[in-house]
Amino acid sequence: VFLTGSTQSHDFPTMNPLQLGNDGVSNVFVSEVNPTGTALVYSTYLGGSSSDYGTSIALDGSGNVYISGYTYSTDFPTQNAFQSVLAGGSDAFITELTPGNTGLVFSTFLGGNSIDRVFSMSLDPSGSIYLAGDTQSTNYPVTSSAFQSVNHGLADAFVTKLARGASSLVYSTLLGGSGTDGITAMALDSAGS
């Protein structure tokens, strides 16, 4: 069982951690529990000096663990990043850990000039990463083929597809009206819809 969320605790249970402690107000945690629920395989903090929230977790066929959420930390750990700096009040993030939590494959911010949050994530067999959430940014990264490229309200939903390794945007679009809109769940079919 693989888990993510956020913790304000400085004594959250850790086992073989990549990050030893809570470096901020709250940090993401990533934990693996054994099949019988009797022990931690690993458990680590992940975050920076402000507030970080893990909202979604997924595994690929090789056992790599993907975590997404949102962060207010300018020093959230990045590696091989598509976007290496926090662009607004909070940005979405996506992080890939190697099997067994031995290291970061990549970790990147994703966002614009205001509040951006991921609440759902899916992976396809080719390694593409699908993210959905909400944005208050007027410049959230969208692609030229976006269904909707302009934020129409206080917050709009977004759907973003990143190439394997979060190396580039495959597509990214907003979706919303004149009020507050967001996505909290997403499902991917075998055709990629």
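These numbers were taken from a predicted model, which means no experiment stands behind them. The first residue of the sequence shown is numbered 1, and numbering continues consecutively from there.
The two residues Val25 and Ser51 come nearest to each other via the heavy atoms CB-OG, 3.4 Å. Between Gln148 and Leu175, the shortest heavy-atom distance links the atoms OE1-CA, 3.5 Å. Across every non-hydrogen atom of Phe158 and Leu174, the tightest pair is CB-CD2, 4.0 Å. When all heavy atoms are compared, the tightest approach of Ser6 to Asp52 is CB-O, 3.4 Å. Taking both residues in full, the closest heavy atoms of Ser137 and Ser114 are given as OG-N, 2.8 Å, listed atom of the first, atom of the second, then distance. Scanning both residues, Pro77 and Ser107, for their nearest heavy atoms gives O-OG, 2.7 Å.
Leu169 contributes atom CG, which lies 6.5 Å from atom OG1 of Thr143 (distance to the nearest 0.5 angstrom). Rounded to the nearest 0.5 Å, atoms CG (Asn64) and CG (Leu97) are 8.5 Å apart. Once rounded to the nearest 0.5 Å, the distance linking CZ of Arg117 with CD of Gln136 reads 7.0 Å. Remark: Ile129 CD1 to Arg164 CZ distance equals 8.5 Å, nearest 0.5 Å. Within the model, atoms OH of Tyr171 and CG of Leu162 stand 10.5 Å from one another, a figure rounded to the nearest 0.5 Å. The OG1 atom of Thr14 lies 11.5 Å from the CG atom of Asn22; values are rounded to the nearest 0.5 Å.
Screening Asp116, Ile67, Leu110, Thr78 for a side chain to side chain contact (heavy atoms under 4.5 Å, CB included) involving Phe93 leaves a single residue, Ile67.
The backbone N or O of Gln8 sits nowhere less than 3.5 Å from a side-chain atom of Ser26 that would complete a donor-acceptor pair. Within the 3.5 Å criterion, the main-chain N or O of Ile94 finds no donor-acceptor partner in the side chain of Ser68. Within the 3.5 Å criterion, the main-chain N or O of Pro13 finds a donor-acceptor partner in the side chain of Ser43. Side-chain atoms of Thr71 do not come within 3.5 Å of backbone N or O of Asp91 as any donor-acceptor pair. Judged by distance alone, the side chain of Thr55 and the main-chain N or O of Val118 form a donor-acceptor pair under 3.5 Å. In this structure a side-chain-to-backbone donor-acceptor pair under 3.5 Å is missing from Ser168 to Ala163. Checked by atom type and distance alone, the side chain of Ser172 pairs as donor or acceptor with a backbone atom of Pro141 at under 3.5 Å. Using modelled atom types, no side-chain atom of Thr74 and backbone atom of Leu86 make a donor-acceptor pair closer than 3.5 Å.
Side-chain polar atoms of Tyr140 and Thr160 form a donor-acceptor pair below 3.5 angstrom. Side-chain atoms of Ser49 and Asp23 include no donor-acceptor pair closer than 3.5 Å. Side-chain N/O atoms of Ser126 and Asp124 include a donor and acceptor closer than 3.5 Å. Counted by atom type alone, Glu32 and Asn101 present zero donor-acceptor pairs between their side chains at under 3.5 Å.
Listed by chain and residue number, Thr7, Asp11, Phe12 satisfy the side chain to side chain contact (heavy atoms under 4.5 Å, CB included) test with Ser9 (two or more places apart in sequence, or in another chain).
Hydrophobic clustering (ILVMFWY, side-chain heavy atoms < 4.5 Å, transitive): Leu104 and Ile57 are in one cluster.
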